[in-house]
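Notes follow once the structure below has been shown.
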Amino acid sequence: MITAEQSVLMIVDVQGKLAQVMQQSEQLHQKLAVLIQGAQLFDIPIIWLEQLPDKLGHTSDELTQILSKTTQPIAKEHFSGWHCDEVKQQLNTLNRRNVILAGIETHVCVYQTCQDLQANDFQVHVVNDAVSSRELENKTLGVQMMLNDGAKLTNVESLLFELQHVAQGERFKALLKLIK
């Protein structure tokens with residue numbers, strides 16, 4: 001079972017014009033917004049990545065507004081976030097072994113980040129409705145490749161309710177407002 005105390009949320013490269021041409025971009029952004037706010041509700045640290053922001057642009061404004069409340073973006077050059085020293089430092093400092101993974105593109109940056117995290121003894125939970133690619137075929141293949149490598153698959157609501165675990169309390173009430 002995944003717990004908030006052992007988890008980190010990693011948002012990968014939801015940037016610029018590319019973010020707007022993903023399959024079901026509007027739905028993706030809505031799910032990412034709920035996921036990020038849910039992580040904040042559970043006090044889950046967030047690692048926010050941007051691929052070459054000077055060239056590809058910055059994270060979508062609607063997500064930046066939510067993310068900037070608790071974290072700042074980390075610029076990267078490699079497709080995998082693992083190859084960024086600041087990412088490794090944050091993961092080591094946090095000392096949490098579950099990485100909740102979301103972002104774009106599923107079959108490139110999300111996939112390569114997943115591979116490297118798993119190779120370094122992290123359990124990766126891919127949020128299926130919070131990842132995307134320009135082509136549905138590539139998203140499907142990217143998710144399958146991650147599952148074949150041992151990642152766990154979830155979706156935004158399943159994850160948040162698993163983290164909540166009990167249908168009572170103030171956080172539960174806040175969670176219900178968030179997902180409705």
Side-chain angles (χ1 to χ4, degrees), residues 1-14 28-50 59 63-74 76 80-106 109-132 139 142-143 145-179:
M1 186 169 93
I2 190 169
T3 65
E5 297 76 25
Q6 286 300 313
S7 298
V8 175
L9 172 60
M10 190 174 290
I11 303 295
V12 180
D13 306 344
V14 187
L28 171 70
H29 280 80
Q30 290 170 351
K31 294 295 184 174
L32 283 165
V34 171
L35 178 62
I36 293 163
Q37 291 172 83
Q40 292 167 338
L41 186 63
F42 287 96
D43 295 319
I44 294 172
I46 300 172
I47 297 176
W48 166 18
L49 304 176
E50 291 184 335
T59 300
L63 299 180
T64 295
Q65 289 176 5
I66 303 166
L67 285 163
S68 62
K69 293 176 184 178
T70 56
T71 189
Q72 293 299 310
I74 299 171
K76 66 184 184 68
S80 170
W82 179 256
H83 294 286
C84 181
D85 289 339
E86 191 174 344
V87 170
K88 289 180 190 176
Q89 289 169 356
Q90 283 194 25
L91 287 169
N92 285 332
T93 299
L94 292 168
N95 195 30
R96 296 173 180 223
R97 303 314 299 172
N98 289 314
V99 177
I100 301 162
L101 194 57
I104 64 174
E105 283 194 68
T106 310
C109 294
V110 176
Y111 169 67
Q112 289 187 31
T113 299
C114 178
Q115 267 191 315
D116 286 335
L117 288 168
Q118 290 185 137
N120 286 279
D121 299 321
F122 289 90
Q123 176 61 66
V124 179
H125 301 261
V126 179
V127 187
N128 192 53
D129 54 352
V131 296
S132 191
K139 174 190 173 175
V143 168
M145 291 187 305
M146 289 184 278
L147 290 177
N148 290 347
D149 288 343
K152 298 197 179 284
L153 190 62
T154 189
N155 64 40
V156 172
E157 283 194 28
S158 294
L159 174 73
L160 294 176
F161 280 109
E162 186 174 353
L163 291 167
Q164 176 60 32
H165 193 66
V166 62
Q168 61 184 10
E170 292 305 310
R171 187 171 62 194
F172 177 66
K173 290 177 187 175
L175 178 59
L176 289 178
K177 287 180 186 174
L178 185 60
I179 62 167

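The analysis underlying the following values was restricted to heavy atoms, covering all of them including side chains, and did not include hydrogens, waters or symmetry mates.
The line from NE2 of His125 to CD1 of Ile2 is 3.5 Å long, rounded to the nearest 0.5 Å. The distance from atom CD1 of Ile100 to atom CG of Leu159, rounded to the nearest 0.5 Å, is 4.5 Å. Interatomic distance, Glu170 CD to Leu175 CG, rounded to the nearest 0.5 Å: 12.5 Å. Taken from CD in Glu157 to CD1 in Ile179, the straight-line distance is 4.0 Å, to the nearest 0.5 Å. Taking CG of Asn98 as the reference point, atom CG of Leu9 lies at 12.0 Å (rounded to 0.5 Å). Remark: Asp43 CG to Ile46 CD1 distance equals 10.0 Å, nearest 0.5 Å.
The two residues Leu28 and Ser132 come nearest to each other via the heavy atoms CD2-CB, 3.8 Å. What you find for Leu176 and Phe161 is that their closest heavy atoms are CD2-CZ, 4.1 Å. When every heavy atom of Gln72 is checked against every heavy atom of Trp48, the shortest pair comes out as C-CE3, 3.5 Å. Between Gln118 and Met146, the closest heavy-atom pair is NE2-O, 4.3 Å. Closest approach of Leu35 and Ala130 over heavy atoms only: CD2-CB, 4.0 Å. Across all non-hydrogen atoms, the minimal contact from Cys114 to Val124 is SG-CG1, 3.8 Å.
Between the side chain of Asp129 and the main chain of Val156, a donor-acceptor pair closer than 3.5 Å is present. Judged purely by atom type and a 3.5 angstrom limit, Gln37 has no side-chain atom pairing as donor or acceptor with the backbone of Ile66. Side-chain N or O atoms of Ser68 include one that pairs as donor or acceptor with a backbone N or O of Thr64 at under 3.5 Å. Side-chain atoms of Gln164 never come within 3.5 Å of backbone atoms of Leu160 as a donor-acceptor pair (strictly under, hydrogens ignored). Formation of a donor-acceptor pair under 3.5 Å by the Lys31 side chain with backbone atoms of Val131 is not found in this model. Looking only at distances, no side-chain donor or acceptor of Gln115 sits under 3.5 Å from a matching main-chain atom of Ser80. Distance alone, capped at 3.5 Å, is enough to place a donor-acceptor pair between the Glu50 side chain and the Thr59 backbone. Between the side chain of Arg97 and the backbone N or O of Gln6, no donor-acceptor pair lies under 3.5 Å. Using modelled atom types, no side-chain atom of Thr106 and backbone atom of Gly142 make a donor-acceptor pair closer than 3.5 Å.
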Verdict with reasoning, Lys76 to Cys109, per side chain to side chain contact (heavy atoms under 4.5 Å, CB included): CA-CA 11 Å; Lys76 66 184 184 68; Cys109 294; 3.8 Å; yes
Criterion side chain to side chain contact (heavy atoms under 4.5 Å, CB included) on Leu91 and Leu117, from CA distance to verdict: CA-CA 10 Å; Leu91 287 169; Leu117 288 168; 3.7 Å; yes
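Between Ile44 and Leu163, some side-chain heavy-atom pair lies under the 4.5 Å cut-off. A heavy-atom distance below 4.5 Å is found between the side chains of Asn128 and Lys139.
Contacts classified as side-chain hydrogen bond (donor to acceptor under 3.5 Å, both in side chains) and involving residues 81-96 (residues at least two apart or in different chains) are given here: His83-Asp116.
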